[in-house]
Asks: 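Have a look at this one.
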Amino acid sequence: MPAGVDHANGMPSGTEALLRAALGPSAARVYLPILARFEERGRSGLVWSPRAALGNLAWLVYWRLWDAVLVQSILTVAGAGALGWLWARADGVPMGVRFGMAVAVAVLWCAVPGLWGVAWLHGGLRQRTVAAVEDADTFKEALEHLERSVFVWRPRGYVLSALAALSVVLLVWGAGQLLRGTAEPDEPASAALLRSTPPPSISPVAMPAPAPAPEQTAASPVVDKLVPVIESPAVEPAAERVLPDPDLSGVRPRVRGFGVNVGLFSVAANAERAKERLSGAGLPVLDDPVESARGPLTRVRVGPFDRREDAEAAAQKVRALGLEARVYAP
């Protein structure tokens, strides 16, 4: 084994040749100076690598760092699950806190491979070079084995890296759909009650018919005397009794037209703050109480509008306020 020292890199020439063969010509120009510093110090360290940070799982897969791939995959799934719960279940968390936590998870997701990626690469290359030297009879055969391994793996590495990147894109897309997803506006229970309850019928009160006067028989004697006639006042027909109108103050009619669904709030104070922000922006605000398995909720909407274009323009204003917005049809 050569025992000379490469004065340009400051490490044994044999180690430098093995690492160069394991990296490949193009990657050696980028990573070999960093690995030389690790070899000189006798240990790896934290070094920022933009390629590892942006490539993330695809970069780890390409360099066959399977232990790191497993760790980063677990962190990815855990972070996506935490964000999904935060946006789907935590209704009382302010919108600014949600966005802040989402940005923090994204930064952490890129920072882990960006800071530790080259150190993981150094450890993986050391294992491959040691295995190649132990399996080969000569140093030249070890170099040829490493170069052949890089050449054979490169096409498969590109394909697997693309699949890893695609899985990350799909995960981000799914998270985006979850952030934008809002329940379609249901018909308020009060409107259904108003439509299903018929108005009370109003019928006139029938008055009893006057009894017929008794007929005068032929045997009745004729009394030839003046009988004073007392005129009774004219009896006016009884007025029809009208029932009072039913109290419909607690029943809200169904709103027709296009609108923008802002969201459901379990905390009344949060719903009021959202209504104040929408009203301050000059938007017409609707709110409805909704009963659910989690307890009473408040649905906040904007509208109604006669045209969908007006509803879309209102949705843009709602999103500019940092609130969720989804247009619904009548």
Side-chain angles (χ1 to χ4, degrees), residues 79-106 169-197 248-330:
L83 289 179
W85 175 88
L86 178 66
W87 284 85
R89 299 295 181 184
D91 296 330
V93 179
M95 190 67 62
V97 176
R98 298 187 190 186
F99 276 110
M101 295 186 67
V103 172
V105 170
V169 171
L170 292 177
L171 185 62
V172 173
W173 177 82
Q177 292 296 111
L178 181 61
L179 299 184
R180 296 177 53 191
T182 307
E184 289 290 340
D186 300 326
E187 181 182 6
S190 58
L193 177 63
L194 179 63
R195 194 173 59 252
S196 61
T197 305
L248 300 179
S249 59
V251 180
R252 304 187 66 173
R254 183 177 182 182
V255 179
R256 301 288 183 176
F258 295 91
V260 180
N261 193 5
V262 178
L264 293 170
F265 297 87
S266 60
V267 180
N270 294 339
E272 291 298 328
R273 283 196 294 269
K275 289 164 54 180
E276 291 176 0
R277 296 175 62 184
L278 295 170
S279 300
L283 297 172
V285 183
L286 301 173
D287 65 300
D288 300 289
V290 177
E291 294 295 332
S292 68
R294 292 185 290 164
L297 304 175
T298 302
R299 178 189 289 113
V300 178
R301 295 178 292 172
V302 172
F305 301 97
D306 295 332
R307 300 185 308 164
R308 188 178 186 89
E309 291 78 7
D310 298 336
E312 293 288 351
Q316 294 294 333
K317 294 182 180 180
V318 174
R319 296 189 185 101
L321 296 175
L323 300 173
E324 299 178 8
R326 185 169 184 178
V327 177
Y328 63 87

Asks: Apply side chain to side chain contact (heavy atoms under 4.5 Å, CB included) to Glu312 and list each qualifying residue two or more places apart in sequence or on a separate chain.
Replies: Arg308, Val327
Asks: Who passes side chain to side chain contact (heavy atoms under 4.5 Å, CB included) against Ala269, sequence neighbours left out?
Replies: Val267, Arg273
Asks: How many angstroms lie between atom CG of Leu283 and atom CZ of Arg301, to the nearest 0.5 angstrom?
Replies: 14.5 Å
Asks: Please report the interatomic distance CG(Leu278) to CG(Leu286), rounded to the nearest 0.5 Å.
Replies: 10.5 Å
Asks: Nearest 0.5 Å, what's the CG-OG distance between Leu297 and Ser266?
Replies: 6.5 Å
Asks: Taking all atoms of both residues into account, what is the closest heavy-atom pair of Ala325 and Arg319, and its distance?
Replies: O-NH2, 3.0 Å
Asks: In chain order, what residues pass the side chain to side chain contact (heavy atoms under 4.5 Å, CB included) check against Ala271, with sequence neighbours excluded?
Replies: Phe265, Thr298, Val300
Asks: Within a strict 4.5 Å, meaning less than it, do heavy atoms of the Phe258 and Glu309 side chains meet?
Replies: no
Asks: Mind checking salt bridge (charged side-chain N to carboxylate O under 4.0 Å, His left out) for Glu276 and listing every partner two or more places apart, or none if nothing turns up?
Replies: none
Asks: Can you name the closest pair of heavy atoms from Ser279 and Val285 and give their distance?
Replies: OG-CG2, 3.5 Å
Asks: Can you name the closest pair of heavy atoms from Gly257 and Pro304 and give their distance?
Replies: CA-CB, 4.4 Å
Asks: For Lys275, is there an ion pair with Asp287 - N to carboxylate O distance below 4.0 angstrom?
Replies: yes
Asks: Is the number of heavy atoms from other residues, nucleotides or ligands under 6.0 Å of Met101 CE greater than 12?
Replies: no
Asks: Where do Ala314 and Phe305 come nearest, in terms of heavy atoms and distance?
Replies: CB-CZ, 3.6 Å
Asks: Nearest 0.5 Å, what's the CG-CE distance between Asn270 and Met95?
Replies: 10.0 Å
Asks: Using side-chain heavy atoms (C-beta onward) and a distance below 4.5 Å, is Pro284 in contact with Val302?
Replies: yes
Asks: Distance from Asp288 atom CG to Arg299 atom CZ, nearest 0.5 Å?
Replies: 6.0 Å
